[in-house]
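What follows is a short report on a single structure.
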Amino acid sequence: MKQEFPIFALVDCNNFYVSCERVFNPFLTRRPAVVLSNNDGCIVARSQEVKKLGIAMGTPLFKCADLIKKQGIAVLSSNYALYGDMSRRVMQTLEQFTDRIEIYSIDEAFLRLDNLSLDNYQKYAEKIQRTVLQWTGIPVSIGVAETKTLAKVANRVAKMREDQRGVMNIVQHPDMDGILETVEIGKVWGVGRRYARMLKKNGIANARQLKYADRKWIAEKMTVVGERLLLELRGKSVIDLEQTPPPKKAICTSKSFGRPIEKKDEMHAAVTEYATRCAEKVRKQGSAASVVMVFMTTNPFKKGPQYANYKQIRLPAPCNNTREITETACSLGDQIFKPGYKYKKAGVLLTQLVSADHIQQNLFTDQVVLEKRKKITQVMDRINSLRGRDKIRLAAAGFTNPWSMKREMKSPEYTTCWAEIPVVNCRVSR
DNA sequence: TCTGGGGTCCTAGGACCC
DNA sequence: TCTGGGGTCCTAGGACCC
């Protein structure tokens, strides 16, 4: 029997960053492990064992240092080159199973699995799970349901199940309400802390209660976003797959410094670097920016004088070359930089992005200069993509940056760097 | 000592237009 | 004294996601 309604599967990698590390480091396999954010600041990924110990997502490392030591938890700095590459492998594997796929985040994808017969969803999902594990080494959980929101719910249930089979199919489930009742309201996709508090105050404490809440009241309190959520919980699919992601409307590069910055020329170097990254990203998606914004801030967690400011400017014409964007960003940075503060973080934001194919120049554009800059940028991009990031860059970015990110426990870039590729030691006995 | 980074969508309100 | 009606565009702020 074929289904008339859409069927969604949500494939979610288990403890993704930790799983990536474990693929290449067998010593981590049975050890509790965590992966840290930039600057080794917070815990952003935890193995199952660590979750059981009650260490929350986003906990600053220093707040649980004792527990980590006591429990012998392995601690790793983030290795985004590795995670990005592993993510690509997982997604490519999923694409073997359907071409209707939405890559939702680095470790999650929605698949449309319509047209299977009702009793086949479970088996098909299990096959997907086995294949991903076999081809990439990454364990995944899969939830299958009639809407994206319900697939999220199913995935959650799959992750919590004791048998760890990791597949939960709730299509036409006889006890849907019973399942929804087990999902606390704050864990529902799209209900954050604020809404969770508001809903609980009004007697809605789990997903089942939201499902049967008054639609008008929800729309009033949570806008159309909440209304859509409610419909999805009722089994009516209103959030469809987004197969080709729309181009980004804003592109941002911002980082905390490994140590505070006080000097203007150091800030200059940081802004130059961030602006360079932004320009690269914007070119990569074939866009150009109309507005450049720069912001900087001191550390709000620390005592002492605080300062935060931002400034933005509209470019004479949309632009995506590194030099012009960098010059603009640095000039903005100079305007808001005030001496006498310890800066913790700065960032560059490019907004009002337009397609690079039809940029509206103004009357005074010097076409020769424009072409020259475009060519230089293209050559820089090519060299950097072949030889590695920043092989060629603007001198203003500085050479050694003592303030740059701290990553003291990073694993090798096993899959993206020739020098760090894993070596297998074989001992042959005669 | 030590507290991440990069996005999206929706709404209200102001500026502006005819 | 009396001060329209209808629309668009933009921005800031608030909510959310991973």
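These numbers were taken from a predicted model, which means no experiment stands behind them. Here is how names work: the chains are called A, B, and so on, in the same order as the sequence lines, proteins then strands, and each is numbered from 1. Hydrogens, waters and symmetry mates play no part in the numbers below; they use all other heavy atoms, side chains included.
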Relative to the 5' end of DNA chain B, which residue comes earlier, A/Thr253 or A/Leu61, by the nucleotide with the nearest heavy atom? A/Leu61
On DNA chain B, nearest-nucleotide positions of A/Val224 versus A/Tyr80: which is more 5'? A/Tyr80
Donor-acceptor side-chain pairing of A/Asn14 and A/Ser141 below 3.5 angstrom: yes
Does the separation of the ring centres of A/Trp135 and A/Phe97 fall below 6.0 angstrom? no
Sugar-phosphate only, base, or nothing, as touched by [X] at under 4.0 Å among non-hydrogen atoms:
{"X": "A/Ala65", "value": "nothing"}
{"X": "A/Val188", "value": "sugar-phosphate"}
{"X": "A/Arg259", "value": "nothing"}
{"X": "A/Asp40", "value": "nothing"}
{"X": "A/Lys344", "value": "sugar-phosphate"}

Using purine N1 to pyrimidine N3 plus N6-O4 or O6-N4 for Watson-Crick, or N1-O2 and O6-N3 for G-U wobble, both under 3.5 Å, which nucleotide pairs with B/dC9? C/dG14
Do the charged groups of A/Glu280 and A/Arg277 touch, with an N to O distance under 4.0 Å? yes
Would the number of heavy atoms belonging to other residues, nucleotides or ligands and lying under 6.0 Å from NZ of A/Lys410 be above 12? yes
Considering only [options], which nucleotide approaches the side chain of [X] most closely?
{"X": "A/Phe62", "options": "B/dG5, B/dT11, B/dT3", "result": "B/dT3"}
{"X": "A/Trp189", "options": "C/dT11, B/dG5, C/dC18", "result": "C/dC18"}
{"X": "A/Lys152", "options": "B/dT1, B/dG4, C/dC18", "result": "C/dC18"}
{"X": "A/Lys249", "options": "B/dT8, C/dC16, B/dG7", "result": "B/dT8"}
{"X": "A/Cys252", "options": "B/dG6, C/dC18, C/dA12", "result": "B/dG6"}
{"X": "A/Tyr104", "options": "B/dG6, B/dT8, C/dC18", "result": "C/dC18"}

What is the distance, to the nearest angstrom, from the CG atom on A/Asn155 to the P atom on C/dC17? 15 Å
